[in-house]
Amino acid sequence: MTFDLHGRTRRLELADQGLRSFEAVVLEATPDGIVLDRSAFYPGGGGQPPDQGVLLWQGVETRIEGVRKGDDLYLVPAADDPIPPAGTVVRAAVADERRSALMRTHSGLHVLCGVVFRDYGALVTGGNMEPMTARMDFNLPEVPPGFKEAVEEACNAEIAADRRIDVRVLPRAEAFAIPDIIRTATNLVPEDIPEVRIIDIVGLDTQADGGTHVASTKQIGRIKVAKIESKGRGFRRLRIAISD
Ligand SMILES: [Zn+2]
């Protein structure tokens, strides 16, 4: 098994996060899901929701409303859209505006995560995102005065520094030799994965991560820390908004 294979589908978006259109062959198709031999649709995971888009084949369009992960990756077609039979060559397009917004948002969350870990030593306990808005939960017993403003300012300073965001794939042992590589409070990388994909915001934050990211922090835009909620003992939820 390699990091970019899910069932029978080669995941093109992991190595090429800018890819928005590609050709593929349909391996299996039902109204519940279409399996391609290769796909750039992000299937969801790590708080980043699945991509949407379209398949074009023989003058016909099949809208894709999401992706379901099972033994294979199943592209979920819109109800009542025609389904390309197995063996069909399709031209696929990932909805660019949504995906690009999610990449900015996901990278923004890593900046937040890096800043809160560096300045307050707090680990992440959960998170979720929609295009341009997100929340992240931290294990942080005390909220110091001015925390919200200080975090927002530090995040935007890291964005202004335009740090490179690199993707690397390393053998498991080598990846886990990097200090603080697992930034979540629990280790979410399954035992049987021999290679680990790393997202490195150079000089700020290095994490094991399967999501899609922009190439440098300036592409995120601006981060606003909209709200901090206390959800019980040491459990703080930060809500952020991304803008240009
Ligand atoms: Zn992530």
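Bear in mind the structure is a predicted one, so any value in this text is a computation, not a measurement. The chain is numbered in sequence order, starting from 1. No hydrogens, no waters, no symmetry mates; every other heavy atom, side chains included, goes into these values. Start at 1 and go down the list; that is how both ligands and their atoms are numbered.
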message: Under 4.5 Å between side-chain heavy atoms, counting indirect links through other Ile/Leu/Val/Met/Phe/Trp/Tyr residues: same cluster for Leu102 and Phe41 or not?
response: no
query: Just checking, is any N or O donor in the side chain of Asp81 or Thr62 under 3.5 Å from an acceptor N or O on the other one?
result: no
2.8 Å cut-off met by an N, O or S atom of His106 to the Zn ion (ligand 1): yes
- request: Establish, yes or no, whether the cationic atom of Arg236 lies under 6.0 Å from the six-membered ring centre of Phe138 and within 45° of the ring axis.
  value: no
- prompt: Any idea which N/O/S atom from Asp209 gets closest to the Zn ion (ligand 1)?
  reply: OD2
- prompt: Near the Zn ion (ligand 1), is there an N/O/S atom from Cys113 that is less than 2.8 Å away?
  reply: no
- request: Answer yes if the side chains of Arg237 and Ser230 hold a donor-acceptor pair under 3.5 Å, and no otherwise.
  value: no
